[in-house]
Protein chains: 2
Amino acid sequence: MPKLIYNAITRAIINELTTILGARYVIHDDPEKLEPYSHDEIAEKAYAHMPDVVVKPRTAGEISQIMKLANRKKIPVTPRGAGSGLSGGAVPLHGGILLSLERMDTILEIDKQNMVAVLEPGVITNDLNILLAENELFFAGYPMSVESCFIGGNVAENAGGGRAVKYGVTGRYIIGLEVVTPEGQIIQLGGKRVKDVVGYDLIHLMVGSEGTLGIFTKIFIKLLPLPSRKVDLLVLFRDIASAVSLVPKMITFGKIIPTAIEFMDKIAVELACRYLNEHLYSQDVGAMLLIEIDGNDDAQLEREYGIIGAMCEENGAIEVYVADNPTTQERVWAVRRNVPEAIQIFYPVKSSEDLVVPIASIPDLLPQIYEVAEKYNVIIPCFGHAGDGNIHSTIVKKPDMEMDEWQNIQETVRLELYNLVLACGGTISGEHGIGHKRKKYMYLALDSVTIELMKRIKRAFDPQVILNPGKIFDK
Amino acid sequence: MPKLIYNAITRAIINELTTILGARYVIHDDPEKLEPYSHDEIAEKAYAHMPDVVVKPRTAGEISQIMKLANRKKIPVTPRGAGSGLSGGAVPLHGGILLSLERMDTILEIDKQNMVAVLEPGVITNDLNILLAENELFFAGYPMSVESCFIGGNVAENAGGGRAVKYGVTGRYIIGLEVVTPEGQIIQLGGKRVKDVVGYDLIHLMVGSEGTLGIFTKIFIKLLPLPSRKVDLLVLFRDIASAVSLVPKMITFGKIIPTAIEFMDKIAVELACRYLNEHLYSQDVGAMLLIEIDGNDDAQLEREYGIIGAMCEENGAIEVYVADNPTTQERVWAVRRNVPEAIQIFYPVKSSEDLVVPIASIPDLLPQIYEVAEKYNVIIPCFGHAGDGNIHSTIVKKPDMEMDEWQNIQETVRLELYNLVLACGGTISGEHGIGHKRKKYMYLALDSVTIELMKRIKRAFDPQVILNPGKIFDK
């Protein structure tokens with residue numbers, strides 16, 4: 001593989017950037033101000049890299065000028081949303097220009113007639129969700145980082161999150177994009193129409209492309225009417241098998257598609273409850289499911305949660321709590337959302353994984369994961385979007401393990417987990433993406449012909465490999 | 001634009017194809033047997049082209065060998081499903097090899113645990129739907145050609161159809177594909193998992209690529225539980241404005257997302273009823289809506305169709321028929337499905353269009369279309385998927401217009417319609433595709449940078465432009 005070679009940022013380039021943006025929005029020669037842009041939510045320093053300069057454009061036109069300059073001078077550009085990613089996608093791996101979308105944070109339009117929102121990429125997902133709710137409208141995107149992540153990053157990563165069982169992932173709702181191409185041209189894909197088969201579907205090629213094929217400057221989101229009511233069931237089980245064996249049954253036999261079926265194993269529940277000082281946990285609890293249903297019809301919801309509750313009890317649930325008001329609902333979701341943070345606090349040396357398998361394989365998968373944990377003397381808390389087959393197994397160093405040993409076995413443990421999911425028709429990432437953390441494992445999940453086609457697409461959009469180089473693959 | 005130049009089919013190539021497939025599945029030198037493969041459902045001869053040889057492979061391995069041969073000899077290959085397309089996508093425009101998928105017609109698996117169907121591309125969509133219903137499962141794909149079209153063609157065209165308002169178009173359900181690439185390599189994309197962000201989303205680049213980027217040999221479809229009940233409302237209006245102004249209101253204010261909101265104008269209803277000898281039509285009727293809702297809860301459905309019925313009556317409906325059993329439901333849908341056939345019978349000289357606009361623009365669009373019809377002395381029956389903003393306006397020659405005049409004005413009328421939809425944020429095809437019928441209009445809908453990116457993708461997959469050349473764009 002030939003190495004990517006770029007030119008250094010010179011004083012002349014800084015001057016050109018300053019001419020485009022103004023001095024206030026070009027940060028350089030100030031390590032303290034540059035450092036926050038050197039990493040995402042991955043804690044390990046090994047995945048970080050400092051940018052040479054951070055730029056904060058406000059318009060597509062400015063981004064276009066920056067990309068043209070970068071192509072002319074052969075300088076890498078790494079786009080960045082909120083930096084809440086978990087695969088290193090926003091890390092400026094080859095230095096150069098870090099392009100932050102933080103100033104492009106305007107909700108441009110809520111078109112109620114067409115049920116479409118038009119946004120800039122730096123809008124915080126939760127801010128959109130709050131505004132929509134006030135308008136009786138709904139966007140199903142609900143990544144666990146909803147309070148901080150940007151919508152642009154959600155699109156770039158095709159974020160999944162807590163409502164995908166019923167509503168699908170982010171990409172389903174993206175019907176238009178304004179994009180600055182890697183060569184600096186501004187294109188408009190789609191718009192407010194819900195159907196469009198004119199040429200190739202570049203919109204959904206852009207979705208999930210991890211900032212390697214273009215920079216989104218406007219995002220058109222198809223909205224839904226806000227369901228008038230939702231109910232959450234927090235279900236405690238004595239053991240994991242009872243909890244996870246219920247997941248595929250619920251949809252198949254219950255004929256109910258919940259909004260969410262979230263899973264937390266004993267360790268995940270315990271850590272999150274300890275972190276939040278929440279008393280839901282007790283020694284008896286071996287696993288927890290958080291099931292949400294929504295709709296407009298009270299009677300139907302009651303019927304549905306009756307069926308789900310009965311299925312849980314038949315499957316050996318210890319307790320079924322019903323949360324049917326915003327306060328208790330926020331309380332139960334806070335437990336789920338705070339699992340990663342809790343693990344980070346109590347076990348800071350870790351690697352977050354994002355395994356995904358066909359839903360019926362979950363009951364088989366989990367015991368095998370715990371066997372791997374046992375074999376290598378690590379802890380692997382498992383939690384996540386069980387209704388999608390997407391489990392965030394987090395490989396955790398026990399406090400008494402030496403760092404050297406951890407460094408030695410971490411890779412082996414990860415490979416064993418990847419081989420487990422691949423063996424049952426799953427893959428190595430369901431929503432976190434490849435970034436640079438997982439790029440060396442691409443060959444496990446995809447054949448060489450498919451990877452070569454992806455690389456050709458990259459080169460078709462970005463002949464000089466200027467935009468977010470070193471992500472997904474090297475060249 | 002350089003012309004595409006291919007080699008002729010020689011006796012040696014026929015022999016190689018015969019070695020791969022056996023003589024029975026290689027048709028040549030027999031115009032009568034070749035002719036049915038020279039056109040799709042577009043009636044006009046100008047869009048047809050004869051193949052030199054028709055091949056009928058049974059396996060991905062055979063297709064791989066054919067594609068490798070075609071690349072070696074520089075022979076064009078045009079894949080074909082049921083030939084029910086409406087944009088010339090399956091027409092072998094440069095002659096060469098027509099590759100029919102008709103023998104690859106097996107439903108390989110209905111996986112109830114994972115709610116996934118695995119199919120070969122030549123399965124008739126309705127055959128799948130019937131088998132699924134017997135298993136209490138559901139695929140929302142419902143193109144109006146459902147009784148004849150192949151699932152492979154549905155994926156290649158990203159078919160929309162009659163249930164897209166609630167369920168979305170075909171692409172939403174495609175979670176895996178086995179594909180033979182234009183260069184003859186067999187790749188596997190996705191599978192039975194519902195989430196996957198490993199590399200670029202090649203699955204949804206393939207969906208809607210009109211047979212230009214690969215030949216699907218296995219299709220993985222995500223299934224839903226079969227809704228236990230559906231209700232159809234056939235609503236007659238005195239005038240078009242009352243009917244179409246209701247469409248955006250129903251979703252926005254009614255907070256109900258019907259399965260279908262189909263529209264037929266006076267001419268469309270009259271022709272379909274005449275063709276079917278159906279008595280629903282009377283002189284008073286100016287337009288008709290066919291609205292379907294589905295669900296598992298009788299009370300909820302009753303509430304919903306009560307709201308819809310009341311909205312219809314407030315909007316000036318003459319009559320609301322409720323069809324709540326399979327016999328009457330089939331009767332009302334037959335009227336809608338048979339509109340194109342009825343137009344073909346009574347007005348054989350025509351051009352079927354596939355306009356799409358943001359839903360709120362439909363009430364403005366229709367009067368403008370009728371003005372164009374008036375201006376050029378043609379008839380333009382309008383019908384289609386109003387709930388998606390997708391209207392099949394069909395430009396029809398009046399019997400007393402001379403063919404010369406028709407040929408002269410047809411292009412002008414089409415351009416006026418395209419300009420109308422583009423002006424309100426719509427586009428030139430919602431589900432029929434570009435094929436070769438609309439390729440010269442691509443520049444109206446997309447900027448030159450976007451078209452160039454699409455061409456680069458085509459060349460990335462198919463460096464010699466062997467697979468379905470002359471579709472979407474020339475090279």
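Quick note on labels: first sequence line is chain A, next is B, and so on, each numbered from 1.
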Going from [atom1] on [X] to [atom2] on [Y], what distance comes out if it is rounded to the nearest 0.5 angstrom?
| X | Y | atom1 | atom2 | result |
| --- | --- | --- | --- | --- |
| B/Leu453 | A/Ile457 | CG | CD1 | 11.5 Å |
| A/Asp196 | B/Asn158 | CG | CG | 10.0 Å |
| B/Ser361 | A/Asn114 | OG | CG | 6.0 Å |

With a 4.5 angstrom heavy-atom cut-off, which part of [X] approaches chain A: side chain, backbone, both or neither?
| X | result |
| --- | --- |
| B/Gln185 | side chain |
| B/Asn390 | side chain |
| B/Leu446 | side chain |
| B/Ile359 | both |
| B/His385 | side chain |
| B/Gln188 | backbone |

Sub-4.5 Å side-chain heavy-atom contact between [X] and [Y]:
| X | Y | answer |
| --- | --- | --- |
| B/Lys112 | A/Pro248 | no |
| B/Arg303 | A/Asn296 | yes |
| B/Glu157 | A/Val197 | no |
| B/Cys424 | A/Arg193 | no |
| B/Pro225 | A/Ile257 | yes |
| A/Ile187 | B/Asp447 | yes |

Under 4.5 Å from a heavy atom of chain B, the part of [X] involved:
| X | value |
| --- | --- |
| A/Phe473 | side chain |
| A/Glu183 | side chain |
| A/Leu189 | side chain |
| A/Asp388 | both |
| A/Met454 | both |

So which residue, [options], ends up with the most heavy-atom pairs under 4.5 Å with chain A?
| options | answer |
| --- | --- |
| B/Met442, B/Arg456, B/Met115 | B/Arg456 |
| B/Gly191, B/Gly190, B/Gly199 | B/Gly199 |
| B/Glu304, B/Lys222, B/Arg459, B/Lys458 | B/Lys458 |

For the interface with chain B, which of [options] has the highest count of heavy-atom pairs at distances below 4.5 Å?
| options | answer |
| --- | --- |
| A/Ile451, A/Val357, A/Asp354, A/Ile251 | A/Ile251 |
| A/Glu452, A/Lys439, A/Glu136, A/Gln300 | A/Gln300 |
| A/Lys249, A/Lys471, A/Glu431 | A/Glu431 |
| A/Val194, A/Leu223, A/Thr427, A/Ile472 | A/Thr427 |

Can you pull out the residues in residues 200-208 of chain B with any heavy atom less than 4.5 Å from chain A?
->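 Those residues of residues 200-208 of chain B which have a heavy atom under 4.5 Å from chain A are B/Tyr200, B/Asp201, B/Leu202, B/His204, B/Leu205, B/Gly208.
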Enumerate by number any residue of residues 163-181 of chain B whose heavy atoms lie under 4.5 Å from heavy atoms of chain A; in the absence of such residues, state 'none'.
->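 At a heavy-atom separation under 4.5 Å, chain A is reached by B/Val169, B/Arg172, B/Thr181.
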Assess whether side-chain contact (heavy atoms from CB on, under 4.5 Å) is satisfied between A/Val198 and B/Tyr441, documenting all intermediate values.
-> CA-CA 10 Å; A/Val198 178; B/Tyr441 308 105; over 6 Å; no
